[in-house]
Amino acid sequence: MKKFLAWLLACVMLLSLAACASTATTDAPAQTTEAADTTTETAAEPAADTADETAAAEVSTVVPGKLTVATSPDFAPYEFYALDENNDPQLAGFDVALAQYVADYLGLELDIIPMDFDGVLNELATGNVDLGMAGLSPDPARADAMGTLAGEHHKLLTSEKSVELVRSLARETVAGGKIDDPQLLDEIRVLGRDQREASAIPTEEAEAWTRLTCEADAVWRKAKAANDWASFETYVDRIVAQLKHQAELMDPKRDPYDVWLDQYERGLSAKSFDAFCDEVKATVVPLVHAIGERGQQPAADFLHAHVPEAAQRAMSFDLMKLVGLDLDDTTLAFTEHPFSEGFAVGDARIATHIYEDDCISNVYSIIHEAGHAMYELGVNPAYARTCLEGGTSMGIHESQSRFFENTVGRSRAFMGPLLEVLRRHAPEVYGSVDEDTLYRAVNIAQPSLVRTEADELTYPLHIMVRYQIERMLFAGEAAAKDIPALWNRFMDEYLGIPVPDDTHGCLQDTHWSGGSFGYFPTYALGSAYDAMFVPAMCRDGVDLTGACASGDLAPVRAWLGEHIWQWGRAKDAPELIKGACGMDFDARYYCSYLQDKFTTLYQL
């Protein structure tokens, strides 16, 4: 039975990766984290319906014993040539990793053949390869194919055979404890919940939803570039209407927005997040105003000094080593928008951006995405190819990335090890910068227009702007046509800055085009979870300050591995927080952290 569960999840994962590529979103991630504005189109010969230990014998391939894959390695971060630590070019990318995963699962040797894009299609059509993988930018014309894949994914997860298997196992657990394997019990519970929620949506509606969000994503990209909210407006209304309908099917007794909040963070509701926002606003808004009125911003021209791309690429590897990311299990890519992803336990893929006049942006992108990657790599290996694989929620995932980015990476104690890396790769810029100067510079707090560029203090206010608008849309208090004015109003109310255009306002994020309403609150919760980890670590004897100062974060990683990472999806966020911190979630720790840090930094 466990073998069948593993097979089922592998099939579902493979199809969902292909079907959902166009709707992945930012800062996080599969828990996705900030994702690239690209999709991957995958075509494959059908695989045999077998368990993994016999799959290789029953799958017919072009070359016996091999999985032959064609790809066009010119579309980072999906398939491209990347330099390894020795500056040697290696074929890399997310499609490459996915191909390896499929080959490993089938027990086959992987043979990847690079060629131009047209060649990939021709080789696949003529049967010369088993699999063709090549990245494509989203396009409405491809929405139909993506919808079909989404339908197949839905059918696999909700098929009569799959549902009856899980139900029969669940009955055995109730009927006198016939199953006593803790992992299998967790698999039955989690997969059963996934199936119930998916089964509430008819397959044809799941397909239509994917087509809608694929179309919306393509329109959003053009709208953002052209500062044209009106062209995207109708898609927002359609998406919200469809989400309300789906929520009604899934749980007719609950507020539709609560249904979606719970999908991204189990147990979260508008009521609980409202209470969180009230606490955070009471701390952050006065602090932002006080800094604006009385705080003195440090001189930090060096932050925008020129650091060549080659130096930053080499620096990126050293930064990953510094925080403790295992390079043997990680692929680093370079793209426009940072994100991270993983296809299996023991596999991590992170992508960063490089701006030659903003080296620090790359520094903290690497550290942030490394936090996501270490979480994925730290999941119990026994969960591989099961529904327990991966992070448990977007909030917990974001807590890991922001813990390393902010709690560690922007701490005063970490400035020594960080400055050593910066000086090694950009001595002409950082050779004369001391630790105190660097600390003040990387913690500058001031209102900004774009969420992904916001500092640690003002970031939650950006989330609240989006949350307030989403609440109004789901409550019927606003429609898509009202969003630009609402956005500008809330940005002025919370951050006190005017919005020059919709490109830098309500069109800046990809989330709504992918239907990810209810996602944004998890970003703020992730930062708040972080603040609870610090005293919990201290109570358990972890010297966080000492670890940061020495550059040896092994004790920190060990604590997070024991209390957070290893559990994958076996525990929901509330259970993880209580187990790790000895109490339920409490926003006061986060508010105290921000108050103490920025009051001291700006001598308020």
Side-chain angles (χ1 to χ4, degrees), residues 12 15-26 29-30 32 35-42 136-158 194 197-226 228-251 256-257 259-261 263-264 394 466 469-470 472-474 476 478-484 502 506-520:
V12 168
L15 280 170
S16 64
L17 282 167
C20 298
S22 65
T23 58
T25 54
T26 54
T32 38
D37 294 339
T38 50
T39 63
T40 301
E41 189 164 283
T42 304
L136 295 167
S137 295
D139 187 298
R142 303 186 182 102
D144 189 60
M146 302 301 286
T148 299
L149 284 171
E152 293 304 310
H153 163 237
H154 188 271
K155 290 174 186 176
L156 273 172
L157 182 59
T158 63
D194 291 346
E197 292 172 345
S199 296
I201 312 297
T203 296
E204 59 271 19
E205 291 193 22
E207 293 182 8
W209 169 252
T210 297
R211 292 187 183 99
L212 172 60
T213 53
C214 284
E215 292 174 13
D217 185 65
V219 171
W220 166 75
R221 294 172 198 281
K222 294 178 181 178
K224 180 179 179 181
D228 180 14
W229 173 260
S231 66
F232 180 55
E233 192 175 283
T234 182
Y235 283 95
V236 174
D237 283 331
R238 290 171 61 190
I239 285 170
V240 171
Q242 187 61 24
L243 286 173
K244 288 182 179 180
H245 169 66
Q246 291 179 13
E248 176 74 15
L249 293 175
M250 291 167 65
D251 193 341
Y257 192 56
V259 171
W260 293 111
L261 287 172
Q263 286 291 297
Y264 292 107
M394 303 312 301
R466 292 150 175 80
I469 293 173
E470 290 186 357
M472 295 177 72
L473 291 172
F474 273 76
K481 64 181 176 59
D482 305 313
I483 290 178
D502 292 337
C506 54
L507 283 169
Q508 67 181 260
D509 298 304
T510 184
H511 299 60
W512 289 344
S513 70
S516 297
F517 285 80
Y519 186 122
F520 282 117

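- Nearest heavy-atom pair across Gly518 and Leu261 is O-CD2, 3.7 Å.
- With sequence neighbours left out, Glu207 forms a salt bridge (charged side-chain N to carboxylate O under 4.0 Å, His left out) with Arg211.
- Atom OG1 of Thr203 sits about 11.0 Å away from atom NE2 of His153, to the nearest 0.5 Å.
- Atom NZ in Lys244 sits 13.5 Å away from atom CD1 in Ile239 (nearest 0.5 Å).
- The two atoms that bring Ala478 and Leu473 nearest to each other are O-CD2, 3.5 Å, heavy atoms only.
- Distance check, rounded to the nearest 0.5 Å: CG of Asp482 to SG of Cys506 gives 11.0 Å.
- Taking Glu205 as the reference, Ile201, Pro202, Gln242, His245, Leu249 meet the side-chain contact (heavy atoms from CB on, under 4.5 Å) condition, with sequence neighbours excluded.
- Here the closest non-hydrogen pair linking Tyr519 and Met394 is OH-CE, 2.9 Å.
- Residues Asp228 and Ser231 share a closest heavy-atom pair of O-OG, 2.9 Å.
- Closest of all the heavy-atom pairs between Leu507 and Lys224 is O-CD, 3.4 Å.
- Of the charged side-chain nitrogens involved, at least one lies within less than 4.0 Å of a carboxylate oxygen, so that Arg466 and Asp509 count as a salt-bridged pair.
- Close placement of the Trp512 and Phe517 rings is indicated, their centers lying within 6.0 Å of each other.
- Distance check, rounded to the nearest 0.5 Å: NE2 of His511 to CZ of Phe520 gives 4.5 Å.
- Checked against the 6.0 Å centroid criterion, the rings of Trp260 and Tyr257 do not qualify as a close aromatic pair.
- Atom CD1 in Ile483 sits 8.0 Å away from atom CD in Glu233 (nearest 0.5 Å).
- In this view, Asp237 satisfies the salt bridge (charged side-chain N to carboxylate O under 4.0 Å, His left out) rule with no residue, not counting sequence neighbours.
- Interatomic distance, CZ of Phe232 versus CG of Asp217, reported as 8.5 Å (0.5 Å rounding).
- Looking at heavy atoms from C-beta onward, Tyr235 lies out of side-chain contact with Ser513 at the 4.5 angstrom threshold.
- Of all heavy-atom pairs between Gly515 and Leu243, the closest is O-CD1, 3.5 Å.
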